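Below is one structure, written out as structure tokens, with a few remarks after it.
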Amino acid sequence: MKNSRGLYEKQPGSGVWWIRYADDVGRIRREKVGSKGVAIALYRKRKNDVFEGKKLPGKLRVRMVRFSELAADALEYVKANNEGHQVDGYRIARLVEGLGDRPAEIPIEDLREWFDDQEWKAGTYNRYRTVLSLIYRLGMENKKVDSNPAKLLKHKREDDGRVRFLNQYAPYEEVRLREVVAAKFAGHMPELDVALNTGMRRSEQYLRTDWTCVDLLRRDLYIPQSKNGQSRHIPLNAEALAAFQELYQCSGGEGPIFASLRGGERLLGPRHWFDDAIREAGVKNFTWHDLRHTFASRLVMAGVDLRTVAELMGHKKIQMTMRYAHLAPAHKLAAVERLSSFNSYSSADESGGNNGRRPVILNPATEGATGTRTGTGLNDGLLVASEKVQ
């Protein structure tokens, strides 16, 4: 189809095409469409509807909003308000790649089909669902859409979360890792020590803290803003303190804590050395975040209560910390062993002084029932009845 007066680019070369036509009463209407192919199809449809005398739906008399426009608004919002805007930005870009050229009012059936086509685990699916819901919620606030179809996408059940820590599958994983770091990445050893002994998130360690957050005298590390928006303090043990003192000697206590060995610029993360070190050390299925899991796991295995672990980790909800509870079986055993005191019998009962019958604790509310009261320590005052041993 040759370009006509009804088909044009408002900004030549932009790739965004508009259509122009007269409706059934002769009024000139313009619509922003998108790609040229879609614009041609829509132009033909509008001309045919006018020729057949069909009345244009009310929604077509307002500017068409596309999903990509909603996504652009959401991207500006997360950059200004979300600490994790880099990850949110990646997810928004992925959604735009799949849905960007469509009108913003996408049928829920189409959204379900697109989400089902993605080979995502439950957690990834739920994160994208959350971002999609944010996009439409902001669109509603900006009066660009009337509803939020993401709410109709079913939330998927996630497992308790992966927990991987050093020496979990082999007794010398940490030894091998330290040997590789010492031999090839010695300047980064303090980063490893700080991560293992503070449990900071990667963004907290590299992006959110500087020397004003470190009190070497009081052995305190201040996290000004964690993932959940709250601050916290982490006491520095001997290993963490030694690592910070070594870093202090290199920087003089000014600027970023973790800086490039060459230019002195702030490091944005450990990927440029840590991934190679893990691979050479032969530590399988292990990421930088697993150093944080190692910190929490070792605290629990050392007998630290889960509430304290949650505070040190910066968990807003104790449910996040419960994933480590299975690492403290001794505490669970100690808890149930306390029941043994209620199961102890008197020496008379043990020797058959109760005519070979064993005491059975009844509901105190049935005090009027036939039975006897014992006077043996913890069982004193409990109503018991005799039950013949079969």
Side-chain angles (χ1 to χ4, degrees), residues 9-11 14-19 30-39 41-42 57-158 161 201-203 207-208 225-230 268 289 316-317 320:
E9 286 181 291
K10 200 169 186 179
Q11 295 181 349
S14 65
V16 179
W17 290 80
W18 292 63
I19 61 174
R30 296 177 177 82
E31 293 183 41
K32 181 181 179 182
V33 182
S35 66
K36 185 175 182 180
V38 176
L42 186 60
K59 286 188 177 180
L60 295 180
R61 298 183 179 181
V62 297
R63 184 178 68 86
M64 180 179 290
V65 177
R66 299 207 164 270
F67 180 82
S68 56
E69 182 177 339
L70 299 185
D73 294 341
L75 184 59
E76 292 184 9
Y77 175 86
V78 299
K79 286 181 177 179
N81 297 279
N82 291 6
E83 287 293 332
H85 64 84
Q86 294 94 344
V87 177
D88 287 338
Y90 172 81
R91 291 174 181 150
I92 290 173
R94 179 70 182 87
L95 290 169
V96 170
E97 181 182 343
L99 306 169
D101 198 39
R102 303 189 57 160
E105 301 284 356
I106 302 176
I108 184 59
E109 295 80 8
D110 292 353
L111 285 176
R112 287 193 181 115
E113 181 180 359
W114 189 83
F115 267 73
D116 290 342
D117 288 341
Q118 313 307 311
E119 296 180 355
W120 291 333
K121 294 183 179 180
T124 304
Y125 178 101
N126 291 335
R127 303 296 94 74
Y128 274 91
R129 174 182 175 271
T130 300
V131 171
L132 182 67
S133 182
L134 170 66
I135 290 173
Y136 276 101
R137 178 174 63 81
L138 294 173
M140 293 175 64
E141 293 178 3
N142 295 330
K143 309 289 186 188
K144 293 184 178 181
V145 290
D146 298 325
S147 62
N148 184 351
K151 291 184 176 181
L152 301 178
L153 291 172
K154 187 176 180 180
H155 184 276
K156 290 191 175 183
R157 183 175 181 178
E158 303 179 37
R201 299 177 177 91
R202 182 177 60 181
S203 60
L207 303 178
R208 301 180 189 175
Q225 187 175 26
S226 62
K227 183 179 178 181
N228 57 35
Q230 298 178 346
L268 302 180
H289 190 75
K316 192 172 185 179
K317 297 181 180 179
M320 292 294 295

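Quick note: residue numbers are just sequence positions, from 1. Keep in mind that what you see is a predicted model, and the values were worked out from it rather than measured.
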For Asp101, salt bridge (Lys or Arg N to Asp or Glu O under 4.0 Å) partners two or more places apart: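 Residues passing salt bridge (Lys or Arg N to Asp or Glu O under 4.0 Å) with Asp101: none at all.
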How long is the straight-line distance from [atom2] of [Y] back to [atom1] of [X], given to the nearest 0.5 Å?
{"X": "Glu76", "Y": "Ile92", "atom1": "CD", "atom2": "CD1", "value": "10.5 Å"}
{"X": "Leu99", "Y": "Arg66", "atom1": "CG", "atom2": "CZ", "value": "12.5 Å"}
{"X": "Arg202", "Y": "Leu207", "atom1": "CZ", "atom2": "CG", "value": "8.5 Å"}

Check: Lys156 main-chain N/O paired with Asn126 side-chain donor or acceptor under 3.5 Å: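 Here the side-chain-to-backbone pair exists.
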Arg127 side chain to Gly123 backbone, donor-acceptor under 3.5 Å: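 Yes.
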In residues 108-117, what donor-acceptor pairs under 3.5 Å come from side-chain atoms, sequence neighbours left out?
residue : atom : partner : partner atom : Å
Asp110  : OD2  : Arg102  : NH2          : 2.5
Arg112  : NH2  : Leu152  : O            : 3.3

Listed pairs under 3.5 Å, donor-acceptor, residues 131-141 side chains, sequence neighbours left out:
residue : atom : partner : partner atom : Å
Ser133  : OG   : Asn148  : ND2          : 3.1
Tyr136  : OH   : Ala104  : O            : 2.6
Arg137  : NH1  : Glu141  : OE2          : 3.1

How far apart are the closest heavy atoms of [X] and [Y], and which atoms are they?
{"X": "Ala150", "Y": "Arg129", "result": "O-NE, 3.8 Å"}
{"X": "Gly89", "Y": "Leu75", "result": "CA-CD1, 3.7 Å"}
{"X": "Leu70", "Y": "Lys144", "result": "CD2-CB, 3.9 Å"}
{"X": "Glu105", "Y": "Asp146", "result": "OE2-N, 3.3 Å"}
{"X": "Tyr125", "Y": "Lys154", "result": "CE2-O, 3.3 Å"}

Residue Lys32 excluded, over 12 heavy atoms near NZ under 6.0 Å: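 At most 12 heavy atoms, drawn from other residues, nucleotides or ligands, come within 6.0 Å of this atom.
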Tyr77 vs Asp73 side-chain heavy atoms within contact, under 4.5 Å: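 The answer is no; the side chains never approach within 4.5 Å.
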